[in-house]
There are 4 protein chains.
Amino acid sequence: MKNPIDQLPARQQQALKTRHKLLQAGKEVFLENGFQKATISQVIKKANTGYGTAYVYFKNKDELFITLMEDLMNQFYEVAEMPFKPQAKEEAYENIKKQVRLFLRLALDERDMMKVVKEAIGVSPEIEEKWYGIRERFIERISVDIRYAQAQKLAKKQLDPALTARGWFYSNEMFMWELVMNEEKYQMDDVIVNLTRMYTGGLYE
Amino acid sequence: MKNPIDQLPARQQQALKTRHKLLQAGKEVFLENGFQKATISQVIKKANTGYGTAYVYFKNKDELFITLMEDLMNQFYEVAEMPFKPQAKEEAYENIKKQVRLFLRLALDERDMMKVVKEAIGVSPEIEEKWYGIRERFIERISVDIRYAQAQKLAKKQLDPALTARGWFYSNEMFMWELVMNEEKYQMDDVIVNLTRMYTGGLYE
Amino acid sequence: MKNPIDQLPARQQQALKTRHKLLQAGKEVFLENGFQKATISQVIKKANTGYGTAYVYFKNKDELFITLMEDLMNQFYEVAEMPFKPQAKEEAYENIKKQVRLFLRLALDERDMMKVVKEAIGVSPEIEEKWYGIRERFIERISVDIRYAQAQKLAKKQLDPALTARGWFYSNEMFMWELVMNEEKYQMDDVIVNLTRMYTGGLYE
Amino acid sequence: MKNPIDQLPARQQQALKTRHKLLQAGKEVFLENGFQKATISQVIKKANTGYGTAYVYFKNKDELFITLMEDLMNQFYEVAEMPFKPQAKEEAYENIKKQVRLFLRLALDERDMMKVVKEAIGVSPEIEEKWYGIRERFIERISVDIRYAQAQKLAKKQLDPALTARGWFYSNEMFMWELVMNEEKYQMDDVIVNLTRMYTGGLYE
DNA sequence: CATGAATGAGAGTTCATTCAT
DNA sequence: AATGAATGAACTCTCATTCAT
């Protein structure tokens with residue numbers, strides 16, 4: 001089994017390596033200083049490349065960061081695309097709990113990076129846009145799931161799938177940020193159980 | 001009946017007037033340029049005061065903005081403190097709907113300012129902190145309401161009041177931001193009804 | 001007799017002094033390096049002011065240079081506005097010769113600066129515009145003079161005053177640049193006499 | 001009949017093609033962006049050649065532009081070399097008018113390129129030099145013509161041929177630039193007639 | 001002949017803040 | 001209480017050019 005990179009001409013291999021060096025250095029700088037305080041100059045110094053070199057690969061700080069985010073974001077996309085075909089309320093409940101756990105788990109596994117992402121979302125419209133993409137993808141998928149559950153006569157018909165999906169995801173996302181910023185404050189399992197119960201059964205008897 | 005300001009010594013009156021000029025100019029500048037692009041220099045120029053003068057009253061841009069926010073935030077506090085003593089599920093449902101409506105209404109009435117607030121939250125930790133204060137106040141109040149409903153045997157005992165309150169507020173807050181940024185996209189009433197139904201009755205039959 | 005500057009508050013006197021230091025330093029830098037190679041940094045260093053200080057007084061290199069030009073340009077305006085009321089062809093001829101001499105003399109007296117001006121005209125549209133202002137002022141004045149001479153039956157009626165004035169000024173301007181760039185090449189008096197003869201009498205017998 | 005290029009070895013043919021691609025791309029880039037804003041990188045990208053390749057053929061931006069100018073400049077040289085052997089004042093007048101018209105016509109036919117040339121003259125001393133070459137060639141030829149007319153006793157002897165030729169060309173050149181930059185402002189024929197009348201007959205009766 | 005990754009000097013600019021008056 | 005001239009650290013980004021392949 002060959003690594004496809006090895007087959008590239010030496011020139012392109014070199015280029016790839018430089019790009020990688022910049023990304024690596026970028027990640028370190030962002031984790032150390034946060035998004036706003038990080039500067040391209042720091043990245044360049046750490047990557048040990050020429051000043052102009054960074055600009056060959058990335059137009060600016062935002063673009064470098066987005067590239068760095070992309071990998072992480074793809075993992076979120078995978079969670080979003082999980083199959084959901086429950087036959088009964090209990091199965092649905094278990095499926096949902098599992099997906100919430102994966103979602104929170106992923107965020108906490110990349111906690112430091114997620115903190116920077118949160119900051120970047122507030123500061124850079126481009127990055128905010130990226131995150132909105134993820135959110136809408138999740139919401140759309142959940143909408144589909146709700147419609148499926150309604151068709152199966154598991155879920156209440158009078159709830160609007162799109163709005164319900166949105167409200168549900170919002171709760172999840174915000175708890176996720178809360179855990180990322182303050183992991184100690186809550187027990188993840190308590191959060192998951194309570195969140196899922198609310199979602200499936202509502203507050204009132 | 002006298003205006004209490006009139007009773008102050010002339011010097012303090014003058015000071016109050018200067019402060020007011022700065023706040024007024026600040027508001028205009030923030031609404032025109034957003035938080036990040038606004039500069040203290042612009043505010044000073046618009047207020048027609050000296051450079052040093054602004055620093056007598058406000059330590060920096062954040063503090064000026066926080067002062068400007070305060071008034072708006074107090075209105076939110078009022079909504080948070082609404083009494084909640086329902087005797088039956090239906091009454092609870094109506095009360096909740098009313099409060100959600102007030103919350104969204106307030107945000108939309110001050111839509112332009114709220115947009116700036118949203119930007120400022122992402123950029124300035126101090127302002128983020130301020131907003132967190134509001135959020136926690138809401139959540140605390142809602143927790144109390146949930147405990148009350150549980151005591152009244154209206155609400156399910158097995159749900160954790162604090163976590164449930166938090167999840168519920170998160171949904172509301174996020175829909176609020178969504179409406180502030182994209183008023184056209186949703187019918188406010190649809191949002192309110194769906195949100196409240198979900199909260200009180202849950203998704204599954 | 002009092003110098004009006006002495007009457008200004010100390011604060012403004014200081015400001016004027018700083019501004020003057022920058023202008024003085026600017027002139028030296030431009031004369032040493034020409035327009036294109038001169039940088040604001042050089043000016044700042046020479047003026048011994050803070051980095052931001054220069055930007056308080058001048059938006060950029062062009063604006064600093066234009067301020068520096070203005071004084072020179074006013075002298076040109078004065079030459080342009082010279083009265084012209086000849087009663088006979090010979091008087092006209094003498095008047096014209098005198099004005100041409102003043103024009104060339106002025107340019108040669110400020111030869112070094114004019115060289116920089118020439119370079120700046122080619123590089124900066126704003127400065128080009130300024131120069132065009134001078135040119136059009138001259139041409140307009142000359143047009144008036146031609147019309148006067150035509151009314152006096154000194155000048156040929158079938159020549160268009162505006163176009164004739166323009167053509168005449170063009171010759172003068174270009175000889176001026178030629179002399180500024182290559183003083184040695186021509187005898188100024190030869191140039192003046194030939195130019196004026198051509199203008200008044202034409203080439204052909 | 002063979003195209004001489006076809007006879008060259010394949011390698012040289014390739015080289016010629018590359019060179020041509022660069023020139024073509026260069027022209028487009030200069031016309032789009034003007035001289036100052038155009039960069040070699042843009043040209044290279046448009047020509048779709050390697051970075052180093054451009055430097056095989058042209059030392060820098062100026063040289064590429066000069067090559068591009070050369071063709072145009074040759075056309076000016078042709079106009080300059082027009083024969084001039086009038087037997088009478090009227091014939092001279094007609095000849096001159098014709099040459100002026102050709103000169104202006106040529107500039108206006110290549111108006112867009114001439115605008116770039118004008119900009120380039122102001123910015124690049126090398127290009128300025130090139131243009132001076134053309135100018136001096138014209139002036140020299142006109143001097144010869146004037147001497148011929150003087151010998152024929154058509155023109156006034158007391159005018160210095162070199163200075164007169166220079167003044168006359170300056171007027172023409174400047175009107176040419178004026179028309180290139182502002183075609184709408186003047187009627188070309190009015191300009192030609194007035195210019196030629198002035199030149200041949202002078203302003204005063 | 002052709003390539004294109006890498007370079008790096010340095011230009012321009014901003015703006016919150018101070019402090020002497 | 002009010003002023004406003006002065007500051008300067010620090011950032012982004014460009015682009016002609018080289019040189020090893």
Side-chain angles (χ1 to χ4, degrees), chain A residues 9-19 22 37-42 44 48-61, chain B residues 9-19 22 37-45 48-62 64, chain C residues 9-19 22 36-42 44 48-62, chain D residues 9-19 37-45 48-62:
Chain A
R11 268 277 196 48
Q12 281 178 47
Q13 272 185 51
Q14 180 58 33
L16 240 46
K17 230 172 88 186
T18 305
R19 194 185 131 96
L22 282 163
K37 287 185 65 183
T39 70
I40 292 244
S41 310
Q42 292 170 309
I44 286 164
N48 213 13
T49 60
Y51 224 136
T53 311
Y55 287 91
V56 172
Y57 295 98
F58 307 100
K59 215 175 75 233
N60 52 35
K61 189 166 81 167
Chain B
R11 243 203 172 157
Q12 281 179 46
Q13 274 186 49
Q14 179 58 32
L16 238 48
K17 231 172 89 186
T18 304
R19 194 184 132 96
L22 282 163
K37 286 185 66 187
T39 70
I40 292 244
S41 308
Q42 291 172 307
V43 177
I44 287 166
K45 229 168 264 167
N48 216 8
T49 62
Y51 262 61
T53 313
Y55 286 89
V56 173
Y57 296 98
F58 306 101
K59 211 176 78 230
N60 53 35
K61 188 165 81 166
D62 290 32
L64 172 55
Chain C
R11 266 278 196 46
Q12 281 179 47
Q13 270 186 52
Q14 180 56 34
L16 239 46
K17 229 171 91 186
T18 305
R19 194 185 132 96
L22 282 162
Q36 287 193 82
K37 287 185 64 185
T39 70
I40 293 244
S41 309
Q42 293 171 307
I44 286 164
N48 212 14
T49 60
Y51 224 134
T53 311
Y55 287 91
V56 173
Y57 295 97
F58 308 100
K59 214 174 77 232
N60 52 36
K61 190 166 79 167
D62 289 33
Chain D
R11 246 209 173 154
Q12 280 178 46
Q13 274 185 49
Q14 179 58 32
L16 239 46
K17 232 172 89 186
T18 305
R19 195 185 132 94
K37 285 186 65 187
T39 70
I40 293 243
S41 308
Q42 290 172 306
V43 176
I44 286 165
K45 229 167 263 168
N48 217 8
T49 61
Y51 262 62
T53 312
Y55 287 89
V56 174
Y57 295 98
F58 306 100
K59 211 176 78 231
N60 52 36
K61 188 165 81 165
D62 290 32

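The sequence lines fix the lettering, A, B, ..., with proteins before strands; numbering per chain opens at 1.
Projected onto DNA chain F by closest heavy-atom contact, C:G50 and D:N60 fall at different nucleotides, the more 5' of which corresponds to C:G50. Of the residues near DNA chain F, D:I40 and C:T18, the one whose nearest nucleotide (by heavy atom distance) lies more toward the 5' end is C:T18. Closest-nucleotide positions on DNA chain E for C:G52 and C:A38 were compared, and the one nearer the 5' end corresponds to C:A38. Nearest-nucleotide assignment on DNA chain E puts the 5′-proximal partner with A:T53, out of A:T53 and C:V56.
Look at E:dC19: its Watson-Crick or wobble partner, with both distances under 3.5 angstrom, is F:dG4.
Of the candidates F:dA5, F:dC13, E:dT3, the closest approach to any side-chain atom of A:Y51 belongs to F:dC13. Closest to the B:Y57 side chain, of the nucleotides F:dA16, F:dA5, F:dA2, is F:dA2.
Counting only distance, with no hydrogens or angles, the side chain of C:K17 and the backbone of C:Q12 share no donor-acceptor pair below 3.5 Å. Using modelled atom types, one side-chain atom of B:Y57 and one backbone atom of B:A15 make a donor-acceptor pair closer than 3.5 Å. The backbone N or O of C:A38 lies less than 3.5 Å from a partner atom in the side chain of C:K61, making a donor-acceptor pair. When atom types are taken as modelled, the side chain of A:Q14 and the backbone of A:R11 share no donor-acceptor pair closer than 3.5 angstrom.
Across the protein-nucleic acid pair, D:Q42 atom CD and F:dT14 atom P stand 12 Å apart, rounded to whole Å. One interatomic measurement links the two molecules: CG of C:N48 to P of F:dG8, which rounds to 10 Å at whole-angstrom precision. The distance between atom CZ of C:R11 and atom P of F:dA6, rounded to the nearest whole Å, is 9 Å. Put simply, CZ on B:R19 is 16 Å from C1' on F:dA2, counting in whole angstrom units. We find that CD1 of B:I44 is positioned 8 Å from P of E:dA16, with the value rounded to whole Å. Put simply, CD on C:Q13 is 17 Å from C1' on F:dA6, counting in whole angstrom units. Distance CG (A:L22) to P (E:dA5): 14 Å, rounded to an integer number of Å. Atoms CG (B:L16) and C1' (F:dA2) sit 15 Å apart, rounded to a whole Å.
OP1 or OP2 of E:dC15 has not a single side-chain nitrogen or oxygen of B:T39 nearer than 4.0 Å. An OP1 or OP2 oxygen of E:dA6 is reached within less than 4.0 angstrom by a side-chain nitrogen or oxygen of A:Q14. OP1 or OP2 of E:dT17 lies within a sub-4.0 Å distance of a side-chain N or O belonging to B:Y55. OP1 or OP2 of E:dA16 sits under 4.0 Å from a side-chain N or O of B:S41.
Using a 4.0 Å heavy-atom distance criterion, B:K37 is classed as making no nucleic acid contact. Contacts of B:K59 with the nucleic acid, taken as non-hydrogen atoms under 4.0 Å apart, involve only primed sugar atoms and P, OP1 or OP2.
For the residue pair B:V43 and B:L22, the shortest heavy atom distance occurs at CG1-O, 3.7 Å. Considering all non-hydrogen atoms of both residues, C:N60 and C:I40 come closest at C-CD1, 3.7 Å.
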